Amino acid sequence: MNIGHASTETGLPVKTIRYYEDIGLVSPDRAANGYRDFDAPQIAQLRLLAQARLMGFSLEECRTLLALEADPTRHSRDVRDLAQQNLVSVREKITNLKALEARLTDLVSKCHGNEAPDCAILDELSASASASR
């Protein structure tokens with residue numbers, strides 16, 4: 001299957017598939033004409049990568065997942081441990097996003113949003129920028 005069909009089959013952009021090949025996550029075969037040729041196991045790897053990335057796994061974690069998936073002697077606890085670490089990271093991101101949401105909500109509430117040039121949002125962002133220096 002060529003890269004266009006692999007993209008359609010997996011939902012990954014062609015550019016992403018090429019990148020995954022460049023960094024060694026996938027290794028498609030090459031047809032006689034030099035084009036990439038993905039077989040069923042390689043499509044399965046791309047699907048795994050697509051889902052893992054959607055779930056927030058880093059590229060190195062994806063590399064580990066692919067290695068675990070290919071290892072018939074793997075221990076499920078290794079996969080679970082990796083997923084657990086990712087879950088902790090996702091929860092930290094959620095906490096940070098909730099704090100960001102609260103700050104933005106506060107900033108928006110302070111802005112009159114009228115025709116005047118005064119803007120509490122810009123004032124606070126500018127004050128925050130100079131305070132962090």
Side-chain angles (χ1 to χ4, degrees):
M1 171 179 315
N2 70 28
I3 195 167
H5 287 111
S7 174
T8 302
E9 195 69 25
T10 63
L12 290 169
V14 168
K15 187 174 181 178
T16 300
I17 296 171
R18 285 186 183 123
Y19 177 68
Y20 288 167
E21 180 185 10
D22 288 345
I23 63 171
L25 284 176
V26 294
S27 299
D29 299 323
R30 294 286 176 163
N33 59 8
Y35 291 175
R36 292 167 185 87
D37 186 26
F38 294 88
D39 60 16
Q42 293 160 341
I43 295 298
Q45 287 178 328
L46 289 171
R47 284 190 181 121
L48 185 149
L49 287 168
Q51 289 303 303
R53 294 295 287 154
L54 282 174
M55 294 187 149
F57 287 95
S58 71
L59 289 174
E60 283 311 306
E61 290 168 330
C62 286
R63 190 179 304 281
T64 301
L65 286 170
L66 285 171
L68 287 166
E69 196 275 331
D71 181 2
T73 65
R74 71 179 169 264
H75 298 120
S76 64
R77 81 173 148 266
D78 295 333
V79 181
R80 186 179 193 280
D81 288 348
L82 189 59
Q84 183 66 40
Q85 291 169 10
N86 188 50
L87 181 57
V88 169
S89 175
V90 166
R91 287 179 174 154
E92 287 173 4
K93 289 174 187 173
I94 290 170
T95 299
N96 292 338
L97 285 170
K98 285 182 179 180
L100 177 60
E101 178 188 32
R103 183 159 182 238
L104 282 169
T105 299
D106 181 55
L107 286 173
V108 168
S109 72
K110 291 178 180 179
C111 181
H112 298 295
N114 56 21
E115 302 297 320
D118 297 333
C119 179
I121 296 170
L122 290 176
D123 292 344
E124 287 211 25
L125 291 174
S126 296
S128 295
S130 50
S132 65
R133 290 183 191 160

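Computed from a predicted model, the values in this text were never measured in an experiment.
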*asked:* For the backbone of Ile3 and the side chain of Ser7, can you confirm whether one donor and one acceptor N or O come within less than 3.5 Å of each other?
replied: no
_Contact check, side chains of Phe57 and Thr64, non-hydrogen atoms, under 4.5 Å_ = no
*Do you know the tightest heavy-atom contact between Ala50 and Thr10?*
CB-O, 4.1 Å
*asked:* Test your reading of the model: is there a side-chain donor-acceptor pair from Ser109 to the backbone of Asp106, 3.5 Å cut-off?
replied: yes
*Could you tell me whether a side-chain N or O of Gln42 sits under 3.5 Å from a main-chain N or O of Asp39, the two making a donor and an acceptor?*
yes
*May I ask whether Leu122 and Leu104 are part of the same hydrophobic cluster, defined by side-chain heavy atoms of I, L, V, M, F, W, Y residues being less than 4.5 angstrom apart, directly or through others?*
no
*Heavy-atom pair of closest approach, residues Val108 and Ile121*: CA-CD1, 4.2 Å
*Just how far is it from atom CG of Leu65 to atom CG of Leu49, taken to the nearest 0.5 Å?*
8.5 Å
*May I have the step-by-step check of side chain to side chain contact (heavy atoms under 4.5 Å, CB included) for Tyr20 and Leu66, ending in yes or no?*
CA-CA 12 Å; Tyr20 288 167; Leu66 285 171; over 6 Å; no
*What is the distance from atom OG of Ser58 to atom CZ of Arg53, rounded to the nearest 0.5 Å?*
7.0 Å
*Please report the shortest heavy-atom distance between Ile43 and Glu9, naming the atom on each side.*
CG2-CG, 3.8 Å
*Would you check, one step at a time, whether the test side chain to side chain contact (heavy atoms under 4.5 Å, CB included) holds for Asp78 with Asp71?*
CA-CA 11 Å; Asp78 295 333; Asp71 181 2; over 6 Å; no
_Using the rule that Ile, Leu, Val, Met, Phe, Trp and Tyr join whenever any side-chain heavy atoms are under 4.5 Å apart, tell me whether Val26 and Tyr35 fall into a single cluster._
no
*For Met55, does its backbone N or O pair with a side-chain atom of Asn86 as donor and acceptor, under 3.5 Å?*
yes
*Given salt bridge (Lys or Arg N to Asp or Glu O under 4.0 Å), test Glu101 with Lys98 step by step and report yes or no.*
CA-CA 5 Å; Glu101 178 188 32; Lys98 285 182 179 180; over 6 Å; no
*asked:* Same cluster or not: Val14 versus Leu25, using hydrophobic residues (I, L, V, M, F, W, Y) connected whenever any side-chain heavy atoms lie under 4.5 Å apart?
replied: yes
*Is it possible for you to say whether Leu48 and Tyr19 belong to one hydrophobic cluster, with membership spreading through side-chain heavy-atom contacts below 4.5 Å?*
yes
*Is the side chain of Asp37 donor-acceptor paired with the backbone N or O of Arg30 at a distance under 3.5 Å, no angle test?*
no
*asked:* Could you walk me through whether Leu82 and Gln85 satisfy the side chain to side chain contact (heavy atoms under 4.5 Å, CB included) test, starting with their C-alpha distance in whole Å, then the side-chain angles of each, then the deciding distance to 0.1 Å, before giving a yes or no?
replied: CA-CA 5 Å; Leu82 189 59; Gln85 291 169 10; 4.0 Å; yes
*In the single-linkage hydrophobic clustering (I, L, V, M, F, W, Y; side-chain heavy atoms under 4.5 Å), do Leu87 and Leu68 co-cluster?*
no
*Cationic N near anionic O, under 4.0 Å, Glu21 to Arg18*: no
*Considering all heavy atoms of both residues, which atom of Ile17 and which atom of Phe38 are nearest to each other, and what is their separation?*
CG2-CZ, 3.4 Å
